[in-house]
Amino acid sequence: MLRVSLRNLLVNKLRLLLTVMAVVIGVSFVSGTFVLSDTMVKAFDELYTGLTSGTDVVVRSKSAYEADVTTTGGQVRPVDDGLVETVRAVPGVAAAEGSVFGFALIIDKDGVPIQPGGAPTFGTSISADLELSGGGTMREGRPPSGPDEMVIDARTAHQAGFEVGDDVDVVLEDGRKTYELVGIVGFGETDSLLGATLSGWDLPTAQEALGKTGLVDEIDARAEDGVSADDLRGRIATVLPDGVEAVTGEQVAEDSTESVRDALGIFTTVLLVFAGVALLVGSFVIWNTFNVLVAQRRREVALLRAVGATRRQVLGGVLSEAVAIGAVAGLLGLVSGIGLALGIRSLLGLVGVDIPSTSPAIEMRTVVAGLVVGLGVTAVAAVLPAWSATRVAPMEALRDVVPVSRGSGRIRHLAGWVTTGVGAGLLLLIALMGNQRWWTVIATVTTFAGLVVVGPSLARGLARVADHGRRGNGWRLAARNVRRSSRRAAATALALTIGLTVVVAVSVTASSLKDSVTEAVSGGNRSDLILEAEGAGMGISPAVADLLRVRDDVRDVVELREWGAQIAGAGQLVTGLDPRGLDRVLDLGMESGAVTDLAPGRILVSASNAEDLGVRPGDELVVTFPETGPATFEVAGTFGRGSLINAHYVISMADFEANVTSRLDGAILLTVADGIGPDEAKATIEEAVAEYPNVEVNTPADITRDARASVDQLLGIVTALLLLAVVVAVLGIVNTLALSVVERTRELGLMRAVGATRRQVRAVVRRESVLMSLLGALTGVALGVGSGAALARALGDEGITTVSVPLLTVGVYFAIAVAVGVLAALGPARRASRVDVLRAVTTE
Amino acid sequence: MRTEPAETPGRAATETPLAARAVRARKVYGEGDTAVVALDDVSLDLPSGEFTAIMGPSGSGKSTLMHCLAGLDTLTAGQVLVREIDLATLSDRERTILRRDRLGFVFQSFNLLPTLTAEENITLPADLAGRAPDPEWQRTVVAKLDLGARLCHRPSELSGGQQQRVAVARALISRPEVVFADEPTGALDQKAGTELLRFLRSVVDELGQTVLMVTHDPGAAAYADRVVFLVDGAIVEELAAPTRGAILDVMSRLGA
């Protein structure tokens, strides 16, 4: 049997390729994701190990909990720099140096801030002891010394054309300063740390520049010969005050790698979800392909059975064919996944994310996952078709007609409609109720399951409509073909349904989000101007707010900061706002209490989160800050319109500063004096903050536009990833059509003989394809709009307050789906138009 | 597109214009040593309103001759003319349209599209041309072939004989110059075969159509006005107003 199965595979190489591709795309997504994240983790691991190689022990404040680095920048409470001496005095310490980190934005020669996409712009002290500076080495010049000297990383120097001896402007928390560039730093072979820009000073200068005079963020110590890192750690630990810990350099590297791994975890999960969608679609394609193959081979199977093949052998034969396809797909997917990962990595390099270079990490898990997924998806999808192959009777008539799909049973049919109805009803209900995330998924899956059963009926219904087409233009013949093999048509279309459902649902959600942003800005904002850090910047120097406060033409200046903290065991963002003038720049939509109640020791909570936590005004709420630990707040009020500033927890700026070291503002909200128009105000303030080129001055209209644009950008990326699933579905259509064309050689030949032109034959195949893609498009768009609306309603907490269906976008997807039908038919239609008429009509 | 009205029956053969003819038709398969001559300078006239049968042993080239006359296959040398139109001068598309509008086909089996009803199969050539068939002619043909009660049936619901009659009706729907029938009774039982041949005969006699039939059955060939015998790609004998006995005589003489 195995030989028969393998020979079957090789008979039609195109079909094999199409079938394999349906799985390869999903598998390469899976393995590519793994390779990419493993490689990145490996690279970071090597980098961190290098950075801490000369440091045996690191002394730093304990973190109250392991905070998400993306919300805190890894900042721990700085310690008094007197502790450096204490550590240095510990027996066995060869050298110990304090170091500080903070915000420092380098301005290039044209006055433009150097701000690589996503990577931080940080400043630090450069250790006088070169071994303690880890992987950093002086590429040119010398280490900085004294209050006027600095060094920068090689990448920034190269990019901005700075050379040793130049003056470099840097924006700091306190304002803008100029230093003389005395050296350029590299990190082993890489020019920068992950694309981050680095400004380095000697310790006292760094302390001053970063607003940490008399403080250090950590103390790096190296052991004398013969003293192990663990020993030294133990010795140092005994002299440390409460709340300060000593950890080995090795541990620090491991922790850092671990946090990278965690951060990448979310990214990996998201990509795997996309891979899952593509695989689901792929499994549909496989299922359908095998159904068709088994149907076409009934005669062959009957013959095998007649000459003595057992049912088990027939089952095994079909399954081993599936396994062979799965194995090939798994292997190809694995290889192309590795290629994909490498490609993405170099792409990231091109857009400025400098990932430390290392060889690709291909772990056992990746190989196993790729092969198992490829094999598993294919084998599982082929089980049912294989089973039906065993039902072929040995004496099955050797008819030369196309096998007609059996109609589904009444009960099955009814159950299908009921399931579809229940699912659709549920979706409607959820859309009305709101806030039902899991139910949204359940209802969508239910509806889809119903569609799988009623799909053939829908296909026949659509065909009946198309049957009314003008005589001879191909619609009728196409419709008849779809009706004849409605199951196959439905299964093909449903693969497209899945793809379109997710794409449309995502775009409905995104559109709702955009409208919600607009609504939030127009409904909640009272400020005239909103200042934000440009691009993916870390923030605005608080010096900017100070500068604005003294101006006569500015009335209210409210700074906004946010930081990670833990509430009720979950990581949250806490917003710090100055209560003064707050209600003049922002309408938080207070539902209980008043904005004026916000004072030190008090907290405002969004109404939805207050409900989840079960707290009411007057209750106590514990907020654990990573640097300072738990603090108890009294709930002063609840608000309903935090979405403009993305806030669920608001505390006073005084409390915020007491618990968070960073003083960077996330945004500054302004009102200007009466009589100044918005354009004039914007121009004036832009002029006023010209010293700070990273500050973007926005009118509320700008904010709306930018927010909508960024939603669109995200939507673009997500859609591009989901379109892979659509590509798989298209492969499915091509596959089905190609199989049908082979199956109908005689019919096509007959048509040609009695006078159908090649064009007419092509039209029939194309229209059949369009009918299938129409079915997929109709169901996909309907289901996508339904589940998108339900999803948008479920994400009220994330700031989606309104549901909007982007009719134009949905229309475009619909048109694309139909156009895809035409494209998918190109190959099969060509093949159909080239059948050998004589061979088709002569019986030999 | 039609240049002449339907022929009136009973016209003398000598005066009858030719519906189609082959002139020194030559067909060679393969090249060099392996070349096989299927047709060796065959010339054949098909007068309008005549029922011609081609007979010959397997491999004699009778099917090839018919396929070339019908524009389904092309010649290596020589000419095929349908109403004085040289098929070699036509493109594939033009030949297809000629088949659709001016020729009719009945094959041994698998004549009908399984997804279409009998009526839809009959009107298929007209539908492909994007025009409605002449309703009166359609009624005539359907009545002639006794298909009135079967029009809404799918091919799978028809007997073999009925299917072949639908095919004949389909072949006639555009009032073709020639109806080509390739072993039309080959897959039928004796009774259905005889019935079909009577229908073909009446189509010629009563509707004035021209029929060319390939067959190896002397009984079938006896229904024709004339039998042409082909051996090794060449016409070796012609028999006018044949009887079954006369045909068998020729056959035994030719050793076929």
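Proteins come first, then strands; the chains are lettered A, B, ... in the order of their sequence lines, and each starts at number 1.
At a cut-off of 3.5 Å, with distance as the only test, a side-chain donor of Arg83(B) or Ser48(B) sits close to an acceptor on the other residue. In summary, the side chains of Thr96(B) and Arg752(A) do present a donor paired with an acceptor at a separation below 3.5 Å, with no hydrogens or angles considered. In this structure, a donor-acceptor pair under 3.5 Å is absent between the side chains of Thr289(A) and Thr19(A). Counted by atom type alone, Ser740(A) and Arg488(A) present one or more donor-acceptor pairs between their side chains at under 3.5 Å.
With a 4.5 angstrom heavy-atom cutoff, Arg170(B) touches chain A only via side-chain atoms. For Leu124(B), the part lying under 4.5 angstrom from a heavy atom of chain A is the side chain only. With a 4.5 Å cut-off on non-hydrogen atoms, Val754(A) touches chain B through its backbone and its side chain both. For a residue to count as touching a neighbouring chain, one of its non-hydrogen atoms must lie under 4.5 Å from one of that chain's; by this rule Leu112(B) touches chain A with the backbone only.
At a threshold of 4.0 Å, the pair Arg744(A)-Glu768(A) counts as salt-bridged, since one of the basic side-chain nitrogens sits closer than that to a carboxylate oxygen.
Most heavy-atom pairs under 4.5 Å with chain B: of the set Thr757(A), Leu750(A), Asn481(A), Leu477(A), this distinction falls to Leu750(A). Between chain A and the residues Leu103(B), Asn111(B), Asp73(B), Asp92(B), the most heavy-atom pairs under 4.5 angstrom are made by Asp92(B).
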